[in-house]
Amino acid sequence: MGFQIWKMGFCFGLLSCSLLSVSSKAATGDAAAVEGTVYVDGKAPIGTIDDDFVCATLDWWPPEKCDYGTCSWGLAGLLNLDLSNKILLNAVKAFSPLKIRLGGSLQDKLTYGTDDNRKPCTAFVKKPSEMFGFTEGCLPLERWDELNDFFAKSGAKIIFGLNALAGRSIKAGGPAIGPWNYTNAESFIRYTVEKNYNIYGWELGNELSGNGVGTRITANQYAADAAALKSIVQKIYKDVDSKPLVIAPGGFFDTDWFKEFIDKTTASLDVVTHHIYNLGPGVDTHLVEKILNPSVLDNIVGAFSGLQDIIKSSPTSGTAWVGEAGGAYNSGHNLVTNAFVFSFWYLDQLGMAAKYDTKTYCRQSLIGGNYGLLDTKTFVPNPDYYSALLWHRLMGRNVLYTSFAGTKKIRSYTHCAKQSEGIMLLLINLDRSTTVRVKLEFNNTNAFRHKHGSRTLHNQHMSFEKTIVQLPQVADAEIGREEYHLTPADGNIQSQTMLLNGNNLSVDSSGIIPPLEPFHVNSTKPITVAPLSIVFIHLPDVMLPACKVRL
């Protein structure tokens, strides 16, 4: 995150153009304070995201899935999840809509209980000698019906991950050989269409790109298989107005593999998905330190920028998604990846992904493991659920170039506001003891609008290299902003309770998701970003050309 000053600058504030300091109940008078500057390029967006950018996953893991001696999945797998739970339903409905990707390692060992499947439709059974530690399993059509009933009630948009290993021969530690046998998948897709179930996208395979996980498929063969899926979708959906997306490969980014695959799927692929577990294994005892380390957070930039560059240089019309991201692999780490501290990683990931023109970001998981947005046993939202919901409601489609100067411990992202005027600024303070006072500067001199009664400030078009607009020093000034301050309960970043503007976020006895209300602040009041806190700031009177662009 570098320092940059534009020839044409714009700053608004009192006296020395400081962006009025972000007030937080978590701020302490004893904390050291530093100043820094957020620079926002308001000329044009650097990327756009989907309106339903936030996505979450549901997985197939049975209760016997264990990592490092801990079995953290419980009854959160797709075959046994309690679909009648009110909190689960309300949590999904709150997004209106939430994209949900159904998939994971076992999707490539999953068959579907359609008429063509001659084998008994039985559940996964733990068997250490098998790839991923389980035998082949089957999705009964009755369960598929139940799942779709829930999806319809909740308004979710479903991405289904298909078994890409069907029909291939696999040698231990080696590649998967042969073409994809799509017979069972085609039958399953046909059943889904006949039942009028709405599928947003069909995704082929899970973590089989590059070196793969468990096994791998060459880019050339995968491209042929993606073309086969496209043909199946076109055939089965020929009389359906809204056709689902064709998505692949759902694996870890590998430059050469992805380039060959993308170049060979220009006519068949709508979305290119990759996975992110950049913090290492869930058993790592240094995860908190990693999450608070800007260098570690930046270690995934190469994947984002590399995929963006390949897509830009290819004739493909496909767009980039993060199809699965849990941060720490093998189910995460209790009281880290399901605690407040993980919102530093998660919100930074959302901001970074959007910056590199990623259209959708799927979090592993909605529920299950130690990285669920919801608690595996109680279904109660973990802190990251509220972080995701705030992002979904506040951060608009257009992404603005943003950089921060003053301390390496502030992460900053700016979007045009969602369904409202102005901009949304996201500030993440990774410092354990330092309060940060922030200045905000733009490279556009026509960035600020203020109306007070019938009076409008007009003296904004000036020929100086940097223009400072002083806010009116009057008691009844109407220039205001909205602030959402996220802090942990009792100041413990490993707490599973999040505070919004000092108030506990929790569901009520009926399982209703709480309202996420901001502070309404007069902009003549000072602002600070407290240590180890996250702040969304809505500045409705900052009007930038980039926010008038419709891409």
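The structure presented is a predicted model; accordingly, all values stated were derived computationally and were not measured.
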Could you pull out the closest heavy-atom pair between Pro488 and Leu499, with the gap in Å? O-CD1, 3.9 Å
Run the side-chain hydrogen bond (donor to acceptor under 3.5 Å, both in side chains) test against Asp270 and tell me which residues pass, sequence neighbours left out. none
Where do Phe253 and Gly306 come nearest, in terms of heavy atoms and distance? CZ-C, 3.6 Å
CA sep, side-chain torsions, deciding dist, call: His538, Tyr484, ring-ring contact (aromatic ring centres under 6.0 Å, His included): CA-CA 9 Å; His538 180 209; Tyr484 304 78; 8.4 Å; no
Taking the side chain as C-beta and beyond, is there a heavy-atom pair between Pro249 and Leu208 under 4.5 Å? no
Aromatic plane relationship, Trp257 with Tyr222 - under 30° parallel, 30 to 60° tilted, over 60° perpendicular: perpendicular
Does a side-chain heavy-atom distance below 4.5 Å link Leu83 with Leu147? yes
Would you call the rings of Phe151 and Trp144 parallel, tilted or perpendicular if under 30° counts as parallel and over 60° as perpendicular? perpendicular
So CH2 of Trp345 and CD1 of Ile428: to nearest 0.5 Å the spacing works out to 12.0 Å
Would you indicate whether the side-chain heavy atoms of Leu89 and Phe150 approach each other to under 4.5 Å? yes
Less than 4.0 Å between a side-chain N and a carboxylate O, is that true for Arg411 and Asp298? yes
I'd like to know whether CD of Gln419 has more than 12 heavy-atom contacts from other residues, nucleotides or ligands below 6.0 angstrom. no
If I take atom NE2 from residue His275 and atom OG1 from residue Thr57, how far apart are they, to the nearest 0.5 angstrom? 9.0 Å
Nearest heavy-atom contact between Ala267 and Lys230 is O-CE, 4.0 Å
Is Lys243 atom NZ crowded by more than 12 heavy atoms from other residues, nucleotides or ligands, each under 6.0 Å away? yes
Between Ser533 and Ala530, is there a donor-acceptor pair closer than 3.5 Å when you use the side chain of the first and the backbone of the second? yes
Measure from the side-chain N and O atoms of Asn278 to the backbone N and O of Ile300, and report whether any donor-acceptor pair falls under 3.5 Å. no
Assess whether side-chain contact (heavy atoms from CB on, under 4.5 Å) is satisfied between Phe53 and His415, documenting all intermediate values. CA-CA 13 Å; Phe53 173 75; His415 286 223; over 6 Å; no
Given the rule in the side-chain contact (heavy atoms from CB on, under 4.5 Å) test, do His274 and Phe258 qualify, once you have shown the distances and angles that lead to the verdict? CA-CA 10 Å; His274 68 115; Phe258 269 71; 4.1 Å; yes
List the steps and the verdict of side chain to side chain donor-acceptor pair (under 3.5 Å) for Tyr237 and Trp202. CA-CA 12 Å; Tyr237 284 85; Trp202 294 100; 3.1 Å; yes
With distance as the sole criterion, is a donor-acceptor pair present between the side chains of Asn338 and Asn382 under 3.5 Å? no
Specify whether Phe188 and Phe160 have parallel, tilted or perpendicular ring planes, treating 30° as the upper limit for parallel and 60° as the lower limit for perpendicular. tilted
NZ/NE/NH1/NH2 to OD/OE distance under 4.0 Å, Glu483 and Arg481: yes
Of all heavy-atom pairs linking Trp73 and Ile367, the shortest is CZ3-O, 4.0 Å
Would you check, one step at a time, whether the test side-chain contact (heavy atoms from CB on, under 4.5 Å) holds for Thr414 with Ser412? CA-CA 7 Å; Thr414 310; Ser412 59; 5.9 Å; no
Kindly say whether Ala320 contributes a backbone atom to a donor-acceptor pair with the side chain of Thr358 at under 3.5 angstrom? no
Over all atoms of both residues, closest heavy-atom pair of Ser268 and Ala226: CB-O, 4.1 Å
Would you say that more than 12 heavy atoms from the other residues, nucleotides or ligands in this model lie under 6.0 Å from the CZ of Phe304, or not? yes
More than 12 heavy atoms of other groups within 6.0 Å of Asp52 CG: yes
Value rounded to 0.5 Å, distance of CG in Leu102 from CD1 in Ile159: 8.0 Å
Is the number of heavy atoms from other residues, nucleotides or ligands under 6.0 Å of Asn299 CG greater than 12? yes
With a 3.5 Å distance limit and no angle check, can you tell me whether Gln107 reaches the backbone of Leu162 through a side-chain donor-acceptor pair? yes
I'd like to know if the side chain of Lys409 and the backbone of Leu292 have a donor-acceptor N/O pair within less than 3.5 Å. yes
Do any N or O atoms from the side chain of Thr497 and from the backbone of Ser495 form a donor-acceptor pair under 3.5 angstrom? no
Asp59 and Gln364: side chain to side chain donor-acceptor pair (under 3.5 Å), yes or no, with the steps? CA-CA 8 Å; Asp59 214 310; Gln364 173 84 343; 2.9 Å; yes
Between Ser231 (side chain only) and Ala227 (backbone N and O only), is there a donor and an acceptor less than 3.5 Å apart? no
Cut-off 3.5 Å, side chains only: do Ser331 and Asn370 have a donor facing an acceptor? no
Does His392 have any side-chain contact (heavy atoms from CB on, under 4.5 Å) partners at least two apart in sequence or in another chain, and if so, which? Val54, Phe95, Lys418
I'd like to know if the side chain of Thr48 pairs up with that of Lys359 as donor and acceptor (distance under 3.5 Å, no hydrogens or angles considered). yes
Are the side chains of Val542 and Val40 in contact, using a 4.5 Å heavy-atom criterion? no
Could you pull out the closest heavy-atom pair between Asn163 and Asp108, with the gap in Å? OD1-O, 3.1 Å
Which word best sums up how the rings of Tyr361 and Tyr346 line up, parallel for under 30°, tilted for 30 to 60°, or perpendicular for over 60°? tilted
Roughly how far apart are Asp50 CG and Cys55 SG, rounded to 0.5 Å? 10.0 Å
Approximate separation, where rounding is to 0.5 Å, of Leu245 CG and Thr319 OG1: 7.5 Å
Could you check whether Asp348 and Tyr413, counting side-chain N and O atoms only, form a donor-acceptor pair closer than 3.5 Å? yes
Side-chain (Asp254) to main-chain (Asn211) donor-acceptor, under 3.5 angstrom: no
Say whether, by atom type as modelled, one donor and one acceptor occur between the side chain of Tyr385 and the main chain of Ala91 under 3.5 angstrom. yes
Can you list every side chain to side chain donor-acceptor pair (under 3.5 Å) pair that touches residues 307-318, not counting sequence neighbours? Asp263-Ser314
Is any side-chain heavy atom of Val336 closer than 4.5 Å to a side-chain heavy atom of Ile291? yes
Under 3.5 Å, is there a donor-acceptor pair between the side chain of Asp384 and the main chain of Ser343? yes
So do Ile513 and Pro381 actually touch side chain to side chain, heavy atoms under 4.5 Å? yes
Side-chain contact, heavy-atom cut-off 4.5 Å: Leu81 with Leu88? yes
Side-chain heavy-atom pair Asn334, Ser72 within 4.5 angstrom cut-off: no
Between Ile217 and Arg168, does the side-chain contact (heavy atoms from CB on, under 4.5 Å) criterion hold? Intermediate values first, please. CA-CA 10 Å; Ile217 300 172; Arg168 307 184 200 271; 3.4 Å; yes
Distance col, row Asn220:CG vs Glu260:CD, nearest 0.5 angstrom, shows 6.0 Å
